[in-house]
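For reference, positions follow the sequence shown, starting with 1.
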Amino acid sequence: MALEVYGIKTCSTCTKALKWLEAENISYTWHSTRNTAPSTAQITGWVQDLGFAPLRNTSGKSYRAIGDEKKTWGDAEWIAAFAKDAMLLKRPLFVKDGHAVQAGFRGTDDEKRAKLS
C-alpha cells in the first residue's frame, strides 16, 4: 500500500492531516501541488475515482474567480481547469495505490483509518 498526499504546506488542513497520519503511524509520500502540479492523466484518474465535485476547492480564490459557467461544467472542463490551476483541487488529496480515496480531511478517525491505512 502506497499512500500519497497532495496539497500545500501552508494549508492548515494539510498540516492537521499530516500530523494525524504521523500520530497514526501511517506512512505517506508528500507532493506539493504548488511546486509540482499533477499531470492531466493523474487528474483524469482522480476524477474517475471520486468525480469532479469532491475534488473542487470551493473556498479558494481560484474557484471564486471562475465565472458562472463553472455551474455547467462536466468532467472534461473540470479536468482542464484542475490541470491549469492546481489550487482548484481540494486539499489534502489522498491517493492510495494510484487511486484517489479522499479529498479533504473530514470524517471520524475510524472512517479516515479505513480509507487511509
Side-chain angles (χ1 to χ4, degrees):
M1 188 281 311
L3 181 66
E4 299 174 273
V5 183
Y6 291 80
I8 60 174
K9 285 286 187 181
T10 57
C11 170
S12 61
T13 306
C14 289
T15 301
K16 178 180 173 183
L18 297 180
K19 286 181 181 179
W20 184 86
L21 289 170
E22 289 166 12
E24 293 290 320
N25 290 317
I26 299 172
S27 61
Y28 63 89
T29 301
W30 170 256
H31 299 279
S32 172
T33 55
R34 181 169 292 181
N35 296 337
T36 306
S39 70
T40 301
Q42 286 174 299
I43 294 166
T44 300
W46 299 340
V47 169
Q48 290 171 348
D49 294 335
L50 298 177
F52 67 80
L55 293 173
R56 296 178 303 177
N57 176 13
T58 59
S59 62
K61 292 178 187 176
S62 292
Y63 182 82
R64 290 191 302 269
I66 301 171
D68 283 342
E69 69 270 13
K70 69 184 170 225
K71 294 176 184 176
T72 63
W73 286 1
D75 288 355
E77 292 87 359
W78 279 109
I79 289 167
F82 293 144
K84 183 178 176 184
D85 184 358
M87 296 304 284
L88 287 168
L89 288 166
K90 187 172 206 69
R91 301 179 299 266
L93 175 64
F94 299 94
V95 177
K96 188 171 162 182
D97 297 326
H99 295 281
V101 294
Q102 182 169 326
F105 194 62
R106 293 183 185 229
T108 67
D109 283 351
D110 286 341
E111 290 168 336
K112 290 184 268 194
R113 274 186 215 101
K115 287 183 180 180
L116 305 178
S117 61

- Task: Check the hydrophobic clustering (I, L, V, M, F, W, Y; side-chain heavy atoms under 4.5 Å; chains of links allowed) and say if Phe94 and Ile8 are grouped together.
- Result: no

- Write down the atom of Thr15, the atom of Lys9, and the distance for their closest heavy-atom approach. OG1-O, 3.5 Å

- Task: Enumerate the residue pairs fulfilling salt bridge (Lys or Arg N to Asp or Glu O under 4.0 Å) with a member in residues 47-70, sequence neighbours excluded, ordered by first and then second residue.
- Result: Asp68-Lys71

- Item | Non-hydrogen atoms of Leu3 and Ser27 that approach each other most closely | CB-O, 3.7 Å

- Between Ala86 and Ala37, what is the shortest heavy-atom contact and its length? CB-CB, 4.4 Å

- Note on the structure: side chain to side chain contact (heavy atoms under 4.5 Å, CB included) filter on Thr36, not counting sequence neighbours, yields none

- To the nearest 0.5 Å, tell me how far Lys112 NZ sits from Trp20 CH2. 6.0 Å

- Could you list the residues that satisfy side chain to side chain contact (heavy atoms under 4.5 Å, CB included) with Ser59, not counting sequence neighbours? Asn57

- Inter-residue atom distance Asn25.CG - Ser117.OG, 0.5 Å rounding: 11.0 Å

- Item | Closest contact, heavy atoms only, Ala114 versus Lys96 | O-NZ, 4.2 Å

- Item | Nearest-0.5 Å distance, CD of residue Gln48 to NE2 of residue His99 | 9.5 Å

- Rounded to the nearest 0.5 Å, the CG atom of Leu21 sits from the NZ atom of Lys19 at a distance of 12.5 Å

- Message: Other members of the hydrophobic cluster containing Phe52, with the 4.5 Å side-chain heavy-atom rule, please.
- Response: Tyr6, Ile43, Trp46, Val47, Leu50, Leu55, Tyr63, Ile66, Trp73, Trp78, Ile79, Phe82, Leu88, Leu89, Leu93, Val95

- Message: Checking the side chain of Glu77 only, and the main-chain atoms of Gly74 only, is there a donor and an acceptor separated by less than 3.5 Å?
- Response: yes

- Message: I need the Thr13 OG1 to Leu18 CG distance, nearest 0.5 Å.
- Response: 10.5 Å

- Listed partners of Glu24 passing salt bridge (charged side-chain N to carboxylate O under 4.0 Å, His left out), at least two apart: Arg113

- Query: Roughly how far, to the nearest 0.5 Å, is CG of Asp97 from CD of Glu4?
  - Reply: 9.0 Å

- Output all residues satisfying side chain to side chain contact (heavy atoms under 4.5 Å, CB included) with Lys90, sequence neighbours left out; order by chain, then residue number. Ala103

